[in-house]
Peer 1: 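Before I ask anything, let me first share the structure, which is written out below as structure tokens.
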Protein chains: 2
Amino acid sequence: MVIQKTSLVNIVIEKIKNYILENKLKPNDKFLTEKELTEQLKVSRTVVREALISLQAVGILKIKPGGGIYIADTKLGTINSILKHHYETHGVKIRELIEIRKIIELGALRLIIEKQVPLDIQQLREINESYLQAITTNGDTKKFDRIFHQSLIKATDNDTFYDFSEIIHQYFALVRIDLTENQESLIKSYKQHNEIVDAIKDNDLLHAQKTMNDHFEPIFTFIKKMEEES
Amino acid sequence: MVIQKTSLVNIVIEKIKNYILENKLKPNDKFLTEKELTEQLKVSRTVVREALISLQAVGILKIKPGGGIYIADTKLGTINSILKHHYETHGVKIRELIEIRKIIELGALRLIIEKQVPLDIQQLREINESYLQAITTNGDTKKFDRIFHQSLIKATDNDTFYDFSEIIHQYFALVRIDLTENQESLIKSYKQHNEIVDAIKDNDLLHAQKTMNDHFEPIFTFIKKMEEES
DNA sequence: AGTTATAATATTGTCAGACCAATTTTCAAT
DNA sequence: ATTGAAAATTGGTCTGACAATATTATAACT
């Protein structure tokens, strides 16, 4: 029987967490100072500081030197840094990430059409036209491509889904991949975008997903070639 | 112009991370001691300790009192604890998590069939038979249901996909949901499982996904009823 | 020689006090 | 009322000490 002896620091961490929950502290709220904590919890400043730093590391608190301690807005930042280290130590297969992104995009289409969420078709068109313009003027095509896909995910009316999608995207961004796209393939992408919007408008899930699937095809062939070379 | 002044602790954290990368340290490897770190980095023990505790918080190191410091096996643990706090403070809509789970399961079917991964059909059948037995003998039905679905995700030959699926599942487990299932509905689930396996065997993605979609239907109606009551 | 109990050592945990650096507050001068 | 310097507050780092835990070395025994 192993009895997990818990250190003072861990006790303090739990107490602080509970304190935040019980007092319903929101992001950017001011928290107690180190001095107040040492007095109220009757532990040394060392213990308090180690607990605070630990909570800052996981994105719960934000320590401002000289300015006090605040509730952090726990977003993706911390998770991303963890994933970054995980990627650097373990190494993650690019193919796996792309497969996941495909699943996410296909899933977004399903949610949009199945739930009949309100969708700003016109806005999607405009984004895609900006995409086209970027293509013809050697502009930032990746930017508008990303906005287009991001808009679809956002439209699913599922914030958690969007958060996870962003995490995957950030994770993917760690991998530098030089998929040199020529004008022709970019134009094709533009047309596929429009075709996807059409299919959504027609509530044609199968068509939308098929087109999205095709949309992903070039990158898969690229990955396959890359894997063969190495 | 904001100049991000970086503290000594943060510098040490980065140095330690790099040290781990450069020396290719693996989980459970013994790391340097506090003493060695203070000497090599020429900083106080306070700074070293705060850096170590920070790295332990994000699941990179594991500190054993009196026994030294080790490389932790960075898995889902830390991310889960972050999501747990996120859930407790923000509150996450159950519907969103279930939608994500559906997307994942449907995606798994697509990956399995599209990639034609080797799949132990027989094993899936056996798991489902255990599921049936649990149904008829008032056994642990949830256990075998989970194993069945887990097996499908695992079969996709995509470890990252599986990891994320597990994170979602853990996240979902935080929400206690009493979906009282009667014998009849459980039997239906059993049949659907088998139908999904059949469809996979026939490479019939549409059929597999349609059945999986139906499989999720009861929980969605349950959620909808719950939302209406509150 | 091999095993076991004990002592010595090494390592992390906690404490106290001091001083530095950054920020916020106070308050006098304008 | 505004500004700007001084004071107070707050977090950052350092040192040294002792406690609690784990590991290693030693001694005793079979």
Side-chain angles (χ1 to χ4, degrees), chain A residues 1-17 19-20 23 25 27-73 77-78, chain B residues 1-17 19-20 23 25 27-73 77-78:
Chain A
M1 184 64 175
V2 177
I3 295 178
Q4 184 73 7
K5 253 168 239 155
T6 172
S7 67
L8 247 181
V9 174
N10 284 322
I11 294 173
V12 170
I13 288 176
E14 288 307 313
K15 284 186 178 176
I16 292 178
K17 276 188 185 176
Y19 181 91
I20 294 174
N23 294 74
L25 297 184
N28 297 321
D29 281 358
K30 195 168 191 324
F31 191 60
L32 305 176
T33 65
E34 288 184 359
K35 192 161 174 285
E36 291 169 329
L37 284 168
T38 56
E39 288 165 356
Q40 294 189 18
L41 299 173
K42 292 183 176 55
V43 293
S44 72
R45 200 182 152 208
T46 309
V47 170
V48 167
R49 276 189 60 79
E50 291 187 352
L52 292 174
I53 285 183
S54 200
L55 288 168
Q56 176 173 249
V58 296
I60 292 177
L61 294 179
K62 173 72 187 155
I63 303 174
K64 296 185 180 179
I69 296 157
Y70 297 81
I71 307 294
D73 47 350
T78 317
Chain B
M1 185 63 174
V2 178
I3 296 177
Q4 184 74 4
K5 252 167 239 155
T6 173
S7 66
L8 246 182
V9 173
N10 284 324
I11 294 174
V12 171
I13 287 176
E14 287 308 313
K15 283 187 177 174
I16 291 178
K17 277 188 184 176
Y19 181 91
I20 294 174
N23 294 74
L25 298 184
N28 298 320
D29 281 358
K30 195 168 190 326
F31 191 61
L32 305 176
T33 65
E34 289 182 359
K35 191 160 176 286
E36 290 170 330
L37 284 167
T38 57
E39 287 165 356
Q40 294 190 18
L41 298 173
K42 292 184 176 56
V43 292
S44 71
R45 199 183 153 209
T46 309
V47 170
V48 167
R49 277 187 60 79
E50 292 187 352
L52 292 173
I53 285 187
S54 195
L55 288 168
Q56 176 174 247
V58 296
I60 291 177
L61 293 179
K62 173 73 187 155
I63 304 174
K64 296 186 181 180
I69 297 157
Y70 298 80
I71 308 294
D73 49 349
T78 315

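Each chain gets a letter, A, B and so on, in the order the sequences are listed, and its residues count up from 1. The basis for the numbers below is simple: all heavy atoms, side chains too, and nothing from hydrogens, waters or symmetry mates.
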Peer 1: To the nearest Å, how far apart are Ile11(A) CD1 and dC15(C) P?
Peer 2: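 One finds 10 Å between P of dC15(C) and CD1 of Ile11(A), rounded.
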
Peer 1: To the nearest Å, how far apart are Lys62(B) NZ and dA22(D) C1'?
Peer 2: 14 Å

Peer 1: Return the residues of residues 47-59 of chain A meeting this criterion: a heavy atom under 4.0 Å from some atom of DNA chain D. Order them by number, or give none.
Peer 2: Arg49(A)

Peer 1: In this structure, how many angstroms lie between the P atom of dA22(C) and the CD1 atom of Ile63(A), rounded?
Peer 2: 16 Å

Peer 1: Among residues 32-41 of chain A, which contact DNA chain D at a heavy-atom distance under 4.0 Å?
Peer 2: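 Those residues are Thr33(A), Glu34(A).
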
Peer 1: Which residues in residues 64-72 of chain B have at least one heavy atom lying under 4.0 Å from any atom of DNA chain C?
Peer 2: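 The stretch gives Lys64(B), Pro65(B), Gly66(B), Gly68(B), Ile69(B) as the residues lying under 4.0 Å from the strand, ordered by number.
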
Peer 1: With Glu34(A), which residues qualify under salt bridge (charged side-chain N to carboxylate O under 4.0 Å, His left out), at least two apart?
Peer 2: Arg45(A), Arg49(A)

Peer 1: Is there a side-chain contact between Ser44(B) and the phosphate of dC14(D), meaning an N or O under 4.0 Å from OP1 or OP2?
Peer 2: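 For dC14(D), OP1/OP2 do have a side-chain N/O of Ser44(B) under 4.0 Å.
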
Peer 1: For Tyr70(B), which residues count as a ring pair (Phe, Tyr, Trp, His ring centres under 6.0 Å) partner, sequence neighbours excluded?
Peer 2: none

Peer 1: Verify, without hydrogens or angle tests, whether Gln56(B) (side chain) and Ile63(B) (backbone) share a donor-acceptor contact under 3.5 angstrom.
Peer 2: yes

Peer 1: So if I apply the side chain to side chain contact (heavy atoms under 4.5 Å, CB included) rule between Leu55(A) and each of Ile69(A), Ile16(A), Ile20(A), which one comes out positive?
Peer 2: Ile16(A)

Peer 1: So which protein nitrogen or oxygen atoms get under 3.5 Å of nucleotides 17-19 of chain C's nitrogens or oxygens?
Peer 2:
{"unit_1": "dA18(C)", "atom_1": "N6", "unit_2": "Arg45(A)", "atom_2": "NH1", "d": "3.3"}

Peer 1: For Gly68(B) and Lys30(B), which heavy atoms make the closest approach, and how far apart are they?
Peer 2: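 In terms of heavy atoms, the two residues are closest at CA-NZ, 3.8 Å.
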
Peer 1: Roughly, in whole Å, what's the span from CG in Leu8(A) to P in dA19(D)?
Peer 2: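 It is 16 Å, rounded to the nearest whole Å.
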
Peer 1: For the pair made of CZ in Phe31(B) and C1' in dA22(D), what is the distance, rounded to whole Å?
Peer 2: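 In whole Å, dA22(D) C1' lies 19 Å from Phe31(B) CZ.
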
